[in-house]
*Asks:* 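Below: one structure in structure tokens.
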Amino acid sequence: MLKVLLVDDEPYVFEGLRIMVDWEKYGFSICGEASNGEDALEIIKTCNPHLVVTDIKMPVMDGIKLIKSVYEDSNIRAKFIILSGYDEFEYAKSAMQYGVNSYILKPLDEDELNQAVKKVSRQILEERKDEESRNKQLSFVAESAINTILKGEATDSDIKRANFILELDENEEIKMLLLEIDNFDKWMSDCDEIQLREIREKIKKIINSSMDNKFDLKVFEDDLNRFCILISNSMDIYNTICEYAKDLKEIIEKNLDFSVSIAISDSVAGIKFLADLYKQVDLAISYKFFKDIGSIILYKNIKDISMNHKLFEIDIDELKSYIKENDTDGIKRTIKNLFHGFSKDLTAPELIKIYIENLELEFIRYVQEMKGNVQEFTKKLMDFNKKIEKSTIEELKKEATNLCIFLGQYIDSITKSNSKDIIAEMKHYINKNYNKDINLKIIGKHLYVNPVYIGRKFKQVTGMQFNEYLHQVRIEEAKKLLRRTNMKISDVARSVGYSSTEYFTSKFKSFTNFSPSEFKNDFLISLHKY
């Protein structure tokens, strides 16, 4: 909406101007009213209207002086429509040298006034289009020049051209500010391309406005979620860059309802060192991982410290045990200690994610061994991995805790639903193969299940160890052979899976309180009685 200021010392003229012109129809809203040139000039400096409709003869400061003051101030964009009595025409002609758009005699003619306002409105819109076109061309040229310097491909003439376009002296001190939208992956998944473009345009508009739009060529998009701002020594915000960054962040978060993080570089002398500034802010913004979203990070505060990119062994056996036992408290305690170490050692985020991915792979294999739904399980892990793509260490710790709790619950649900089936399959396998050399490892391989897991589950469900059950089956089969056949004790032992007759005899006696010979003789004696 365009802004118009009405200036006249006669109240009835104000009333006429409000009624005679449908300001909204021509894209205007009245931003203020003044009864003399001095008050009008203060309002103009404050709200910078597009159009001023002013009388010529007024107290304190007349219309001519007002127009002259505005004309001499390059920061003011206002156009003028003059209102004047017939006998003031010669007087008003002197204002024409300042580019007054229209001159209207009093008493006001409604059609004439509307035509004048319409003409100014059209002129302003046309100028806007021309200015936008020029700005787009300049912006393209400026970004091309900046990218050439950042890539290290700039010649001396490229640097001179960049200095000219950006209005920089050759060795003028500059700093760089990098603004990054936090949690941008959420925006990427929730918004379409048009909505994302609108978000970026709103941010750039806020940045430009924060610098009075005079330095918009010094703002360029580094990525979909990142904006770089060059701040030179000639700009008022150069020496208060931290306060500026804080204010900018607050404005964006208030108007767009999402947070941003900002990195601030040191200074360099000349745009030829632009690549050094970019490296500084790019490194600094990565340290928001160890802080919180919405941080302001100065390169000078992190340049003497470095992240740990060395892959090292970490003991997560305790964590895996808590997960398999579905022990939520143990999981939370272990994750807390683990991430305390990561934070203390400044472990690089990509390494932490590698550790998490290795944990996931182990449990994918574990779920497969337990005959769980690997496809469903993997899909849930993919959803988790999307959440941690761009996270701070606190967010990553929270999500890692949620992941491990989920793993515990998932494993527990599989355990409960599969335990009876697995034990039944184990018993079936033992009953068919008791006469062979079998153990948990062989059965686990046959059933595609971890042998340690099935050994533990067998004890939980049956109340006895696997080997104890195997011996029980073998001894029961041996008892049948001793009753029904005349086989030698050594042959019976081999038939039920024992290679040693002595060991068979020992196990048989521990289960029946008889040796095999005593058991057979006792059975024959009892048989003869009947």
*Asks:* The criterion is side chain to side chain donor-acceptor pair (under 3.5 Å); which residues satisfy it with K480, sequence neighbours excluded?
*Replies:* E477

*Asks:* Would S517 and S515 count as having a side-chain donor-acceptor pair, cut-off 3.5 Å?
*Replies:* no

*Asks:* Tell me, please, which residues at least two apart from Y322 pass ring pair (Phe, Tyr, Trp, His ring centres under 6.0 Å).
*Replies:* none

*Asks:* Could you check whether atom CD of E243 has more than 12 heavy atoms from other residues, nucleotides or ligands sitting under 6.0 Å from it?
*Replies:* yes

*Asks:* Under the side chain to side chain contact (heavy atoms under 4.5 Å, CB included) test, which residues partner S510, sequence neighbours left out?
*Replies:* K507

*Asks:* Restricting to ring pair (Phe, Tyr, Trp, His ring centres under 6.0 Å), what partner residues turn up for F227, sequence neighbours left out?
*Replies:* none

*Asks:* Taking only residues two or more places apart in sequence, or in another chain, which ones meet H446 in a ring pair (Phe, Tyr, Trp, His ring centres under 6.0 Å)?
*Replies:* Y429

*Asks:* Here's a test for you: under ring-ring contact (aromatic ring centres under 6.0 Å, His included), which of Y434, F458, F511 qualifies with Y469?
*Replies:* F458

*Asks:* Going by side chain to side chain donor-acceptor pair (under 3.5 Å), name the residues that satisfy it together with S500, two or more places apart in sequence or in a different chain.
*Replies:* E502

*Asks:* Only counting residues at least two apart or in another chain, list the ones meeting side chain to side chain donor-acceptor pair (under 3.5 Å) with R197.
*Replies:* none

*Asks:* May I have all residue pairs that pass salt bridge (charged side-chain N to carboxylate O under 4.0 Å, His left out) and include part of residues 319-332, sequence neighbours excluded?
*Replies:* D317-K320, K320-E362

*Asks:* Test: side-chain hydrogen bond (donor to acceptor under 3.5 Å, both in side chains). Region: residues 259-268. Which pairs qualify, not counting sequence neighbours?
*Replies:* D182-S259, D182-S261, D266-K303

*Asks:* Determine whether the side chains of D158 and T155 contain a donor N or O and an acceptor N or O closer than 3.5 Å.
*Replies:* yes

*Asks:* In terms of heavy-atom contacts, does CD1 of I305 have more than 12 from other residues, nucleotides or ligands at under 6.0 Å?
*Replies:* yes

*Asks:* Look at the aromatic rings of Y410 and F377 and report parallel, tilted or perpendicular, splitting at 30° and 60°.
*Replies:* tilted

*Asks:* Where does the angle between the aromatic ring planes of F342 and F339 fall among parallel (under 30°), tilted (30 to 60°) and perpendicular (over 60°)?
*Replies:* perpendicular

*Asks:* May I have all residue pairs that pass side-chain hydrogen bond (donor to acceptor under 3.5 Å, both in side chains) and include part of residues 488-499, sequence neighbours excluded?
*Replies:* H471-Y498, D491-R494

*Asks:* Report, as yes or no, whether the 6.0 Å neighbourhood of atom NZ on K249 holds more than 12 heavy atoms from other residues, nucleotides or ligands.
*Replies:* yes

*Asks:* Is it the case that the side chains of K175 and N233 hold a donor-acceptor pair, with the cut-off being a distance below 3.5 Å and no angle test?
*Replies:* no

*Asks:* Of all heavy-atom pairs between I149 and A162, which one has the smallest distance, and what is that distance?
*Replies:* CD1-CB, 4.0 Å

*Asks:* With sequence neighbours left out, what residues match D169 under side chain to side chain contact (heavy atoms under 4.5 Å, CB included)?
*Replies:* E172

*Asks:* For K436, enumerate each residue passing the side chain to side chain donor-acceptor pair (under 3.5 Å) test, keeping only those at least two apart in sequence or located in another chain.
*Replies:* N433

